[in-house]
Amino acid sequence: MKKDACYFSGSPVHPGRGIRYVPALVVSTRAVLVFQAYKPFGLFLRKRNPRKIRWTVIYRKIHKKNVTEEVIRKRAKKAKKVARPYSGADLETIRHKKAQRATIRIAARDAAVKEIKERKDKKKEKAKQAGGGHAAQQKQAGKQQKHKGR
């Protein structure tokens, strides 16, 4: 259920209530103006200033006549980061790694990557040496089968 606000007084206008006014001669910011009753509508037509009329919401805001205090928003507590151990690393090793300087960590990571690359290269070389003759045999067998099919 959407409530509109009265264009003049600022009070809520429930669906099916109030007066809707379309200004024809005057260019308005809104196409349809909603009023709570004939009282604010008549004052609007007489060009009264709602800031000077005591019972409007605008007057009460300006002159600080609000009875209820504004609700202060409670700030949500920020989640605290807690270091917890996980499989493969206990809490002590995690703290030790955090305490290390970034340059040391980067150097260690680069060394590990380099070692992995070397292992892969060695595997490739072994595969080439062991299977070098095998690939040539497969090519010849493929050629023979092509000729057989004629």
Side-chain angles (χ1 to χ4, degrees), residues 1-132 134-136 138-139 142 145-146:
M1 180 172 80
K2 187 188 168 204
K3 293 182 208 172
D4 292 325
C6 177
Y7 187 74
F8 185 82
S9 67
S11 52
V13 180
H14 294 274
R17 300 289 177 149
I19 300 154
R20 309 224 181 282
Y21 174 66
V22 180
L25 300 174
V26 183
V27 178
S28 177
T29 54
R30 295 185 189 174
V32 179
L33 306 178
V34 180
F35 295 96
Q36 179 190 6
Y38 280 104
K39 183 179 177 181
F41 177 58
L43 291 167
F44 171 77
L45 290 178
R46 283 183 257 150
K47 298 185 179 181
R48 299 287 186 260
N49 190 349
R51 290 186 209 104
K52 292 182 180 178
I53 296 171
R54 291 182 162 227
W55 53 268
T56 61
V57 173
I58 297 164
Y59 176 91
R60 296 184 67 78
K61 271 187 186 173
I62 291 170
H63 294 88
K64 297 179 182 167
K65 303 286 183 185
N66 292 348
V67 178
T68 57
E69 293 178 24
E70 290 184 23
V71 179
I72 299 168
R73 290 183 186 172
K74 291 183 181 179
R75 290 188 180 178
K77 291 180 182 177
K78 289 185 179 177
K80 293 178 183 176
K81 289 187 178 180
V82 179
R84 290 197 176 117
Y86 52 88
S87 61
D90 59 331
L91 196 59
E92 211 169 286
T93 55
I94 293 169
R95 284 185 181 153
H96 179 70
K97 281 190 177 185
K98 270 193 177 181
Q100 279 182 342
R101 285 184 296 194
T103 53
I104 296 170
R105 280 199 305 257
I106 292 168
R109 187 177 66 222
D110 290 344
V113 169
K114 202 175 203 180
E115 185 183 336
I116 291 168
K117 281 185 180 179
E118 287 175 3
R119 276 194 230 149
K120 283 184 179 178
D121 291 341
K122 283 182 183 177
K123 274 189 179 180
K124 282 183 181 178
E125 286 177 21
K126 284 183 181 178
K128 280 185 181 178
Q129 289 173 358
H134 185 68
Q138 281 183 342
K139 275 188 179 179
Q145 281 188 357
K146 281 183 183 178

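To the nearest 0.5 Å, atoms CG (Asp121) and NZ (Lys126) are separated by 12.5 Å. Taken to the nearest 0.5 Å, the CD1 atom of Ile53 stands 8.5 Å off from the NZ atom of Lys39. Taking CZ from Arg75 and NZ from Lys78, the interatomic distance works out to 8.5 Å, rounded to the nearest 0.5 Å. Rounding to the nearest 0.5 Å gives a distance of 8.0 Å between CD1 of Ile58 and CG of Asn49.
Contact of the Val57 side chain with the Arg60 side chain is not registered, since no non-hydrogen atoms from C-beta on lie closer than 4.5 Å. When side chains are defined from C-beta on, Pro23 counts as touching Leu33, because their heavy atoms get closer than 4.5 Å. Inter-residue side-chain proximity for Val34 and Ile19 is flagged as unmet; no heavy-atom pair is nearer than 4.5 Å. At least one side-chain heavy atom of Trp55 sits less than 4.5 Å from a side-chain heavy atom of Pro40. Counting heavy atoms from C-beta on, the side chains of Pro15 and Lys2 never come closer than 4.5 Å. Thr103 has its side chain out of reach of Arg105: every pair of non-hydrogen atoms, C-beta onward, lies at least 4.5 Å apart.
Each side-chain hydrogen bond (donor to acceptor under 3.5 Å, both in side chains) pair with one or both residues in residues 11-26, not counting sequence neighbours, appears once here: Ser9-Ser11, Ser11-Gln36. Note on residues 41-58: no pairs pass salt bridge (charged side-chain N to carboxylate O under 4.0 Å, His left out), not counting sequence neighbours.
When all heavy atoms are compared, the tightest approach of Asp90 to Thr93 is O-OG1, 2.8 Å.
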Criterion side-chain contact (heavy atoms from CB on, under 4.5 Å) on Asp110 and Ile106, from CA distance to verdict: CA-CA 6 Å; Asp110 290 344; Ile106 292 168; 3.7 Å; yes
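Comment: Lys114 does not engage Glu118 in a salt bridge, judged by the lack of any side-chain N to carboxylate O separation of less than 4.0 angstrom.
At least one donor-acceptor pair under 3.5 Å links the side chain of His63 to the backbone N or O of Tyr59.
Using bins of under 30°, 30° to 60° and over 60° for the plane-to-plane angle, the ring pair Phe35/Tyr7 lands in the perpendicular bin.
Between Phe41 and Phe8, the ring center distance fails the sub-6.0 Å criterion.
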